[in-house]
Amino acid sequence: MTLTDHPIETPPRAPSPVHKFGTLAVHAGSPHDPVTGAVIEPISLSTTFAQTSVGQPIGLYEYSRSSNPNRDNFEKAIAALEHARYALAFSSGSATTATVLQSLAAGSHVISVSDVYGGTHRYFTKVALSHDVKVTFTPSIEVDIATLIRPETKLIWIETPSNPTLSLVDIRRVATIAHEHGILVVVDNTFLSPYVQNPLDHGADIVVHSVTKYINGHSDVVMGCAAFNSPELNDRLTFLQNAIGAVPSAFDCWLAHRGLKTLHLRAREATKNATAVAQALQASPHVISVNYPGLPSHPQHAITLKQHRDGMGGGMLSFRIQGGHEAAERFCQATKIFTLAESLGGVESLVEVPSAMTHGGIPREQREAAGVFDDLVRISCGIEDEADLRADVLQALEKAVVGPKIRHGLGNGNGLA
Ligand SMILES: *Cc1c(COP(=O)(O)O)cnc(C)c1O
């Protein structure tokens, strides 16, 4: 194949950054204020910007939905960390997904992995169809992709690791086939953050994030972003960002940018904690199985080694507990440091039961085919101390699995319980 009959012009990559991740996280998009010298950028709340004559703004800005200083700086930082030429911020991860899907012409076809984030699944099945964009889901995209591609296929949507079973996709393998057919590949990188994985380096065309999770990292902002290298994509998505208007506030951009400056520290600590918790769970007789990409026992550990920084597993894991759904619920109530709540990626550790919470809307048969059984517990490891998290998980396992058995035994007619 020559370059000329290649249907996608591979856009020039962003120049290789001179500095390493931590330096970029702290400094990219963070200029000193040229007037006051302020080291931290001020929050620019103004919605409109003065002009000297009609159509001649004093600076770069006219109206805050179109662009504003805090969003610009945050977007520059994201572009640097995802090795992208461009990045755009949106009011949520879901608004990011919606805007990317809106960029497709009516009649387009999308191929997605089956176990996408619940809200993405909902948008694909309940909203995209209304502007005639159809989505096919597959549980094994690396195997099926060639047979699922149609002439109108325009986009492939990958989540790696998947939620909540933490299965992985080889991005390069999918992108190679997709690009032969002129199809763009989107990777939702929310679960790992740009510190652990940079999908554009593995052939993806667009990387998206729910900034709400690791990038902001403090569970106090809902926001999303997309990063990419193609100038055409930048024109189209910038137009839609402004036209649809699902944009974050200047204050949220400022908060998320502050959170992002410590992403590398938080991601390293969360990985260390998740590794310790995964190992403790794997060694426990009360656990049926553990899903964690950082464990050598993970069926796709080779992809972890190839795609993730230093073979890191990230801060998310899930496991099946002995004793069924009741034991899973008891476990989540017995933890003292892990809070029972949805979401992930914050400094605090969280625990939840996907079958009854985040994935409760998916029919049982479909859910179990994807490995989401009633006894599955999902954990987001925060940045507390490893020994405390390990001990908390072990004591909660005892309470959830062993405790009820003892009570049941004692209460068996002897009048003691
Ligand atoms: C949370 C999440 C989203 C949606 O992001 P919001 O900011 O909640 O709209 C998308 N993808 C993944 C993997 C998520 O975890």
Side-chain angles (χ1 to χ4, degrees), residues 71 74 78 82 87-102 110 112-128 135 137 141 155-169 171 186-197 199 204 206-227 241 244-249 252-253 255-256 259-260 263 267 270 274 291 293 314-318 341-346 350-352 354 357-362 370 372 378-382:
R71 198 174 85 203
F74 175 76
I78 291 292
E82 277 294 11
L88 296 172
F90 297 90
S91 53
S92 67
S94 305
T96 313
T97 304
T99 306
V100 170
L101 266 282
Q102 282 281 345
V110 175
S112 168
V113 292
S114 303
D115 40 4
V116 275
Y117 174 71
T120 306
H121 190 271
R122 181 172 54 211
Y123 190 91
F124 285 172
T125 52
K126 305 230 158 84
V127 185
V135 184
F137 296 94
I141 197 154
L155 204 70
I156 290 172
W157 193 282
I158 295 171
E159 230 174 86
T160 177
S162 70
N163 174 20
T165 53
L166 288 301
S167 63
L168 305 179
V169 174
I171 300 168
V186 181
V187 174
D188 183 335
N189 198 25
T190 299
F191 262 44
L192 288 181
S193 89
Y195 183 67
V196 181
Q197 175 172 268
I206 305 176
V207 50
V208 298
H209 283 278
S210 169
V211 171
T212 317
K213 318 295 167 53
Y214 283 101
I215 291 177
N216 178 62
H218 294 73
S219 308
D220 51 13
V221 171
V222 172
M223 210 167 128
C225 68
Q241 182 194 38
I244 296 174
V247 291
S249 73
D252 280 352
C253 291
L255 272 177
L260 175 141
L263 174 59
N291 304 314
M316 296 299 296
L317 62 105
S318 60
E342 297 190 359
S343 199
L344 60 118
L350 302 178
V351 65
E352 66 121 0
M357 296 171 66
T358 47
H359 294 65
I362 307 172
V372 188
R378 188 186 81 177
I379 285 180
S380 169
C381 283

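Start at 1 and go down the list; that is how both ligands and their atoms are numbered. What you see below is based on every heavy atom in this structure, not just the backbone, and it leaves out hydrogens, waters and symmetry mates.
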* Set of residues satisfying ring-ring contact (aromatic ring centres under 6.0 Å, His included) with respect to Phe191, sequence neighbours excluded -> none
* Structure fact -> Sequence neighbours excluded, the answer for side-chain hydrogen bond (donor to acceptor under 3.5 Å, both in side chains) partners of Thr358 is Glu352
* Asked: Side chains of Val186 and Ile158: closer than 4.5 Å at any heavy-atom pair?
  -> no
* Qualifying residues under side-chain hydrogen bond (donor to acceptor under 3.5 Å, both in side chains), relative to Ser219, sequence neighbours excluded -> Glu348
* Decide if the gap between the ring center of His209 and the ring center of Tyr214 is smaller than 6.0 angstrom. => no
* At a 4.0 angstrom heavy-atom cut-off, what protein residues surround ligand 1? -> Ser92, Gly93, Ser94, Tyr117, Glu159, Asp188, Thr190, Phe191, Ser210, Thr212, Lys213, Met223, Leu344
* Would you call the rings of Phe124 and Trp157 parallel, tilted or perpendicular, where under 30° means parallel and over 60° means perpendicular? -> perpendicular
